[in-house]
Amino acid sequence: VVRSLSVTATRPTTSSRDPVTREPLIDADVHEMLVSADQLLPHLPKQWHRYVKSGWTYPFFFTYGYPTDAGFARVDAVPLVGPAGSDYDLMREQLLEAHNVETAILTSLFFPGDMRVQTEFGNALASAYNDWVTETWLDRDERFRGSICVNASDPQAAAREIDRVADRPRYIQVILGPMNGGYGEERFDPIFSAAERHGLAVAIHGSARAETAIGYPEYLAEWRVLGPPQQHQAQVVSLLFHGVFERHPDLRVVFVEGGWSWLPHLMWRMDENYRSLRVELPWLKRMPSEYLLEHMRFTTQPMEGVTATQLIQLLEHIGSDEILLFSSDYPHWDFDASNRVMPAGLPTDLLRKIQYENAKAWYRL
Amino acid sequence: VSVAERTAVCSVSDLAPGEKRVVRSGRREMLLCRAPSGDIHAVGNICPHQGAALCDGTFGGTAIADGVGRYEWGLDGEVVRCPWHGWEFDVKSGRSLFGEATARIATYEVTVEGDDIFVADTPTKQNVKALIDKEEQ
């Protein structure tokens with residue numbers, strides 16, 4: 001039972017009156033959820049059952065949840081039982097059908113590396129979660145693609161888990177929470193080597209557990225402005241300056257749900273500091289922004305309220321119209337509706353790149 | 001380079017290996033750098049970034065790496081480092097070590113005859129365009 005989520009009395013349907021979107025869509029951030037941690041029991045070795053049965057619960061990261069209308073969820077996406085995202089039929093209706101989703105990339109919100117659990121329990125939870133997702137979601141609808149759950153705080157075990165799961169159909173990336181230190185640190189190399197070995201991308205998803213530079217602010221609105229961009233910016237710089245892409249030239253990293261309009265600022269600032277402090281980073285062979293454009297992508301949601309002209313100008317500053325991948329973040333309350341969220345007047349070919357072609361090429365779908 | 005297009009700027013004995021000094025050729029100010037190996041290079045004395053005089057910076061080697069986290073000392077006698085923001089330039093090519101083509105200093109051909117060091121009056125051709133681009137910005 002999730003404390004912060006309300007439960008509606010009747011089975012909800014979508015609250016949108018818009019017709020079904022016609023253009024095919026690739027959605028790079030869709031959250032499938034457990035009804036409860038008990039669902040992991042069939043996939044967990046016996047020695048870990050006692051922790052689940054004695055009250056360890058999911059989703060723990062909601063400990064940071066500020067009170068809102070329906071917890072983290074769209075009010076109309078909360079099913080009769082379990083949290084939003086745990087009901088396949090509702091997801092099919094509200095997302096897959098309503099937005100003509102050709103491919104929905106499942107990103108969970110299950111990051112054992114961020115949990116306060118024993119390392120071995122965390123490893124077991126990652127395996128159990130992958131087995132549950134494979135069986136409950138990926139095998140159920142061919143539009144789904146999977147993100148391999150790992151315990152990032154144990155990179156060796158994470159690499160073994162990637163090796164165990166990677167060859168299953170429809171897994172296209174490994175997903176990490178942002179809370180394990182800078183991923184540029186060499187200790188995380190086994191994860192990136194495994195992703196490279198299997199041709200998988202690596203996604204880094206924002207987490208409500210990440211503090212801002214001034215800690216946890218008083219209001220949710222403050223945290224939403226600062227928290228996700230700050231955690232992603234820190235990981236972008238860590239990966240680039242620590243030379244991860246010199247060690248892993250085939251690695252592709254996707255930053256999910258942390259914004260993107262700050263990219264010009266970060267790229268200029270990284271390059272300017274590299275010009276002055278190259279002596280610290282002599283292993284880099286190119287400007288940081290060049291590695292970024294080649295090795296990183298950013299999902300759109302929550303879309304900032306830019307005009308078409310502003311969006312095009314930002315992409316010109318960034319230097320690429322391939323950098324953005326559309327994401328809805330279904331079923332969360334800050335969901336972006338594919339047919340409405342992009343600014344009016346965006347050229348059709350650019351819209352199609354953002355909502356379809358960029359992800360198709362990046363994920364080799 | 002014909003004799004008419006170069007200027008005698010100082011004597012070899014005025015410039016010990018590993019040292020640098022400012023010289024003038026016509027209206028141009030140049031930084032003359034003598035590597036420990038004895039090779040002598042002349043570059044423009046002004047950093048293209050914000051105009052600092054490179055003669056106030058350092059001349060010598062710098063950090064290179066044969067892998068992430070594996071620092072080595074290298075390029076000895078090939079690098080000038082700006083006294084302000086630390087931009088580094090290869091004195092042989094004039095190129096910045098961070099590699100951007102637009103960030104360059106001029107290089108001037110150096111010839112030695114006996115004890116006399118001559119520096120060409122105009123920049124080596126490869127850098128003329130970069131300088132013009134910079135001035136037009």
Do A/R275 and B/H85 pass the side chain to side chain contact (heavy atoms under 4.5 Å, CB included) test, and can you show the C-alpha distance, the side-chain angles, and the key distance before you say yes or no? CA-CA 8 Å; A/R275 289 180 189 109; B/H85 304 95; over 6 Å; no

Can you tell me how far apart CZ (B/F98) and CG (A/D271) are? Round to the nearest 0.5 Å. 9.5 Å

In Å and rounded to the nearest 0.5 Å, what is the CZ to OG distance from B/R81 to A/S276? 7.5 Å

Which residues pass the side chain to side chain donor-acceptor pair (under 3.5 Å) test with B/N45, not counting sequence neighbours? B/E29

Taking ring-ring contact (aromatic ring centres under 6.0 Å, His included) as the cut-off, I'd like each qualifying pair that reaches into residues 267-297 of chain A, sequence neighbours left out, listed once. A/F245-A/H295, A/W268-A/H317, A/W283-B/Y71

If you take all heavy atoms of A/P282 and B/A63, which pair is closest and at what distance? CB-O, 3.5 Å

If you draw a 6.0 Å radius around CZ in A/R247, do more than 12 non-hydrogen atoms from other residues or ligands fall strictly inside? yes

Criterion side chain to side chain donor-acceptor pair (under 3.5 Å) on A/R278 and B/T62, from CA distance to verdict: CA-CA 10 Å; A/R278 188 213 61 85; B/T62 189; 3.1 Å; yes

Side chain to side chain contact (heavy atoms under 4.5 Å, CB included) evaluation trace for B/V68 with A/E186: CA-CA 9 Å; B/V68 176; A/E186 211 166 344; 5.6 Å; no

Residues in side-chain contact (heavy atoms from CB on, under 4.5 Å) with A/P347, at least two apart? A/I312, A/D349, A/L350

Using non-hydrogen atoms and a limit below 4.5 Å, what part of residues 35-44 of chain B faces chain A? none

May I ask you to test the A/E272-B/H49 pair for a side-chain heavy-atom distance under 4.5 Å? yes

